[in-house]
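Chain letters run A, B, ... following the sequence lines, proteins first, then strands; residues in each count from 1.
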2 protein chains.
Amino acid sequence: MKKGSLVVISGFSGVGKGTIMRQLIQDDTYQLSVSATTRNPREGEVNGKDYYFTSVSDFQKLIENDELIEWAEYVGNYYGTPKKYVFDQMEQGKDVLLEIEQVGALEVKKKFPETVMIYIIPPSAKALKERLMKRGSETKEEICKRLIQAKKEADFVRAYDYVVVNDDLEQAVQDVKDLIRMSHFRSSLFTEDMMEFKEEIQNL
Amino acid sequence: MKKGSLVVISGFSGVGKGTIMRQLIQDDTYQLSVSATTRNPREGEVNGKDYYFTSVSDFQKLIENDELIEWAEYVGNYYGTPKKYVFDQMEQGKDVLLEIEQVGALEVKKKFPETVMIYIIPPSAKALKERLMKRGSETKEEICKRLIQAKKEADFVRAYDYVVVNDDLEQAVQDVKDLIRMSHFRSSLFTEDMMEFKEEIQNL
């Protein structure tokens, strides 16, 4: 069995990443990465499923021992992606999905160049604004902030491998699936096959 | 309209590249590159369709003026891929297919790093030998030579981007098509879109 891919999915705030992720993990060839965090569990959250809930000192050990693929501090809490979990899943042939923001994403790509980097964009800025407004969870000022943030992030989209336009949801999900499937055709995954092929010719 | 991709397809002798190419060009989003050659036209061959038939001096001018993507000498004749034809087709949104051997292929990739490099392999060395025998066009000695050549080429498969196993023909053709389609999602093709996106936010 071939190793699964590490797939980073990012996108502008409001682009519909969450919905795409939920659709993807319906399919059990994909495994959403489980993050470690120092924040307290919310009601109904399960340790090892929603998060690995850890103490600050344990989290610091994870950092010191280089056991995280990436980590960040957010509103006083630490969040990070444990290497072991991700690599175990990949060894089992699962494609592991990381939904992270740009800074963390570029850090992952730097450390693991084989990572498949996908950025989700809206069909237009107007469409993005409308989606943010429809969500109804942000004030006008917050929406404005998110659009300014999107403008900044637009410059780093080229650091990703692929761009998927989320115009039609089903199509976008299919495009992401196809991109992940195609990552299994990368020549680096065929090194052993080529060794065996050469041996086989020797013995024909 | 987005630019088409330049796609190099190579594979071991006898792997079924020709059949795959013939299936691909049924679909007119793909355009087979037309080579320039100094050899004489054979009966029924059409200038500008099968080949661009040129004189040796004209071919040398093409080389001198850097108008070829790659070129090679083979049994006393020159063969080369004219840049202009390929780039015109790509500008028109066509994916241009080049079926060339490894040395030329790696030369193309070096000059044009955006080239999508696909290598076709058989399911096994045994299967390759059987196909070469079934073809019936080579002697046992020639088949042996081709297998030895395949063994050498196996080391350079990693220089390609993708590997497609030609086990089931229809599946292999579909895989190649999917790889080409996915090349249109590369972030480098979205530079202008991101510029427009930023401007659009500015004017919202």
**Student:** Considering residues, nucleotides and ligands other than B:Lys2, do more than 12 of their heavy atoms fall under 6.0 Å from its NZ?
**Tutor:** yes
**Student:** Once rounded to the nearest 0.5 Å, what's the spacing between atom CG of B:Asp155 and atom CE of A:Met195?
**Tutor:** 9.5 Å
**Student:** CZ of A:Phe53: more than 12 outside heavy atoms within 6.0 angstrom?
**Tutor:** yes
**Student:** Would you please name every residue forming a side chain to side chain donor-acceptor pair (under 3.5 Å) with A:Gln202, sequence neighbours left out?
**Tutor:** B:Lys151
**Student:** Answer yes or no: are there more than 12 heavy-atom neighbours, outside A:Lys3 itself, under 6.0 Å from its atom NZ?
**Tutor:** no
**Student:** Using non-hydrogen atoms and a 4.5 Å limit, figure out which bit of A:Ile118 sits close to chain B: side chain, backbone, both or neither.
**Tutor:** neither
**Student:** Please find the pair of heavy atoms, one from B:Leu204 and one from A:Leu147, that lie closest to each other, and give the distance.
**Tutor:** CD1-CD1, 4.0 Å
**Student:** If you check every heavy atom in residues 88-99 of chain A against those of chain B, which residues fall under 4.5 Å?
**Tutor:** none
**Student:** Strictly distance-based, threshold 3.5 Å: is any side-chain N or O of B:Glu200 a donor or acceptor partner for the main-chain N or O of A:Lys126?
**Tutor:** yes
**Student:** Using a 6.0 Å cut-off, check whether atom CZ of B:Phe156 has over 12 heavy atoms from anything other than its own residue.
**Tutor:** no
**Student:** So does A:Asp28 have more than 12 non-hydrogen atoms from other groups sitting under 6.0 Å from CG?
**Tutor:** no
**Student:** Determine the option with the most heavy-atom pairs under 4.5 angstrom with chain B, choosing from A:Ala159, A:Cys144, A:Ala150.
**Tutor:** A:Ala150
**Student:** Which heavy-atom pair separates B:Met194 from A:Ala154 by the least distance, and what is that distance?
**Tutor:** CG-O, 3.8 Å
**Student:** Could you tell me whether A:Lys84 atom NZ has more than 12 heavy atoms of other residues or ligands within 6.0 Å of it?
**Tutor:** no
**Student:** Given B:Leu128 and A:Phe197, is the side chain to side chain contact (heavy atoms under 4.5 Å, CB included) satisfied, shown in steps?
**Tutor:** CA-CA 10 Å; B:Leu128 187 66; A:Phe197 178 78; 3.9 Å; yes
**Student:** Residues of residues 10-26 of chain B under 4.5 Å from chain A (heavy atom pairs)?
**Tutor:** B:Phe12
**Student:** What parts of residues 175-193 of chain B touch chain A if we use heavy atoms and a cut-off under 4.5 Å?
**Tutor:** B:Asp175, B:Asp178, B:Leu179, B:Arg181, B:Met182, B:Phe185, B:Arg186, B:Ser187, B:Phe190
